[in-house]
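Sequence lines set the chain letters: A, B, ... in the order given, protein chains first and strands last, and positions in each chain run from 1. Side chains are part of it too, since the values below use all heavy atoms of this structure and drop only hydrogens, waters and symmetry mates. These figures come from a predicted structure and were not determined experimentally.
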Amino acid sequence: MPAQIFLATPDSFSFRHTVYSHGWSDLAPFELDSEKWRLRYAFADVGSAKPISAVISEAEGGLNIEVAVKRFIEDRLSEKVRHVLRLDDPLEDFYDLTDREERLRWISNLKAGRLIRSPTVFEDLIKTLCTTNCSWALTKNMVRNLVENLGEPATGGGRSFPTAEALASVDEKFYRDEIRAGYRSPYFVEIAGAIASGKIDPESWLTTEMPTDELKKQIKSMKGFGDYAADNLLKLLGRYNGLALDSWLRSQFYKKHNREKVCADKKIEKHYKNFGSWKGLAIWCDMTERWFDEKLMD
DNA sequence: GCGTCCAGGTCTACC
DNA sequence: GGTAGACCTGGACGC
């Protein structure tokens, strides 16, 4: 029989702005019903033998999490939802900075700035690799193929994101033929093997005291991770020093702040320098302002 | 229907 | 340290 878990949220939290903060809610195992504002995800490792599919929706003062069963899993599941929706992220310092510029006051007014992430750093790492040098449609295909081919069926429907062990159990040919990962295939094999064997422990990056520059260097030591991919992953770890410039972000900057003319990355960097260690979040919010207008119109 | 371009880049070789 | 060329895929576009 379906059960419901209530999760209180801070006043500064917006479910819709978090879900639409970037493209992750569009990638499996996330499934977003943007009409009813219900976000489905198949959670693994919540204390049950099989992954559990949960549906998250808005409620008065918090969130409702619908699951097939809640016995034994309630605490673990709530903890994972808190992580995914960044409920414990302190954004006061960021809002202090953005409120100083009138054109950016919408960010704190609308409670934007929480970037949705996956339950594990490992999943964010693999998904980030799937965003490199391809269209968003191809990213979605690759992630869906990973989930459908290597994920576990979940109670309540859907499949979970595969484990590192599952990703390490297949070869380069599988990545090319089934995942359609192309030249990235050997990178998947190498990274999955390193994580499954314990050589790399991405989850430790959430709590490490390591300086960001050093952590970035470690992330970039993985094949397939350059500046963009490393900065993107760092944002999901709560470190916003890097801009994570990709072709989309650059083109948006040229349109909004440079009269549609191409310019050097240094100029973009200079534009956001006043935001210091928050500049990666500042540029992302600035460039997605109209995105929210379009997607969140009721 | 076919060819070309290029997207939420990175790697390697070379200078 | 900076740059050119190669690298997979698949949707969009022009013809």
[X] [atom1] to [N] [atom2], straight-line distance once rounded to whole Å:
X        : N      : atom1 : atom2 : result
A:Asp26  : B:dG8  : CG    : C1'   : 13 Å
A:Leu243 : B:dG8  : CG    : C1'   : 14 Å
A:Trp284 : B:dG8  : CH2   : C1'   : 7 Å
A:Ile126 : B:dG8  : CD1   : C1'   : 17 Å
A:Asp227 : C:dG2  : CG    : P     : 12 Å
A:Asp265 : C:dT3  : CG    : P     : 11 Å
A:Lys266 : C:dG2  : NZ    : C1'   : 10 Å
A:Ile219 : B:dT10 : CD1   : C1'   : 15 Å

> Which residue pairs pass the ring-ring contact (aromatic ring centres under 6.0 Å, His included) test with at least one member in residues 223-248 of chain A, sequence neighbours excluded?
Replying inline: A:Tyr240-A:Trp278, A:Trp248-A:Trp284, A:Trp248-A:Trp291
>> Can you pull out every ring-ring contact (aromatic ring centres under 6.0 Å, His included) where at least one residue sits in residues 166-198 of chain A? Sequence neighbours excluded, please.
In response: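 Qualifying pairs: A:Tyr175-A:Phe188.
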> Under the criteria of a ring-centre distance below 5.5 Å and an interplanar angle below 30°, is A:Trp136 stacked with the base of B:dA7?
Replying inline: no
For the pair [X] and [Y], find out whether any cationic side-chain nitrogen is under 4.0 Å from an anionic carboxylate oxygen.
X        : Y        : answer
A:Arg176 : A:Glu172 : yes
A:Arg117 : A:Glu123 : no
A:Glu66  : A:Arg38  : yes

> What stem regions, each of at least 3 consecutive Watson-Crick or G-U pairs below 3.5 Å, can be found for DNA chain C?
Replying inline: B:1-7 with C:9-15, B:9-15 with C:1-7
>> Within the 3.5 Å criterion, strictly below it, is a donor on A:Ser57 or A:Asn64 matched to an acceptor on the partner's side chain?
In response: no
> Does a side chain donor of either A:Lys267 or A:Asn258 reach within less than 3.5 Å of an acceptor in the other side chain?
Replying inline: yes
Assess whether atom [atom1] of [X] is packed by more than 12 heavy atoms of other residues, nucleotides or ligands within 6.0 Å.
X        : atom1 : result
A:Arg103 : CZ    : yes
A:Lys270 : NZ    : no
A:Asp75  : CG    : no

Could you write out each protein N or O paired with an N or O of nucleotides 6-10 of chain C at a distance under 3.5 Å?
{"residue": "C:dC8", "atom": "O5'", "partner": "A:Tyr183", "partner atom": "N", "Å": "3.4"}
{"residue": "C:dC8", "atom": "O4'", "partner": "A:Tyr183", "partner atom": "N", "Å": "3.0"}
{"residue": "C:dC8", "atom": "O2", "partner": "A:Arg184", "partner atom": "NH1", "Å": "3.1"}
{"residue": "C:dC8", "atom": "N4", "partner": "A:Asn133", "partner atom": "ND2", "Å": "3.0"}
{"residue": "C:dG10", "atom": "OP1", "partner": "A:Arg180", "partner atom": "NE", "Å": "3.4"}
{"residue": "C:dG10", "atom": "OP2", "partner": "A:Arg180", "partner atom": "NH2", "Å": "3.3"}

> Are A:Trp37 and A:Tyr20 an aromatic pair by the rule of ring centers under 6.0 Å?
Replying inline: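 Yes - the distance between ring centres of A:Trp37 and A:Tyr20 falls below the 6.0 Å cut-off.
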> Any side chain to side chain donor-acceptor pair (under 3.5 Å) pairs touching residues 201-214 of chain A, not counting sequence neighbours?
Replying inline: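 Passing the test, one end in residues 201-214 of chain A: A:Thr212-A:Arg239.
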Using a cut-off of under 3.5 Å, enumerate the N/O to N/O pairs linking the protein to nucleotides 11-15 of chain B.
{"residue": "B:dC11", "atom": "OP1", "partner": "A:Gly224", "partner atom": "N", "Å": "2.7"}

>> If I pick the P atom on C:dC8 and the same atom on B:dC2, what distance separates them, to the nearest angstrom?
In response: 24 Å
> Rounding to the closest angstrom, what is the interatomic distance between C:dT3 and B:dG8 at atom P?
Replying inline: 24 Å
>> Please determine whether a side-chain nitrogen or oxygen atom of A:Thr132 lies at a distance below 4.0 Å from atom OP1 or OP2 of B:dG8.
In response: no
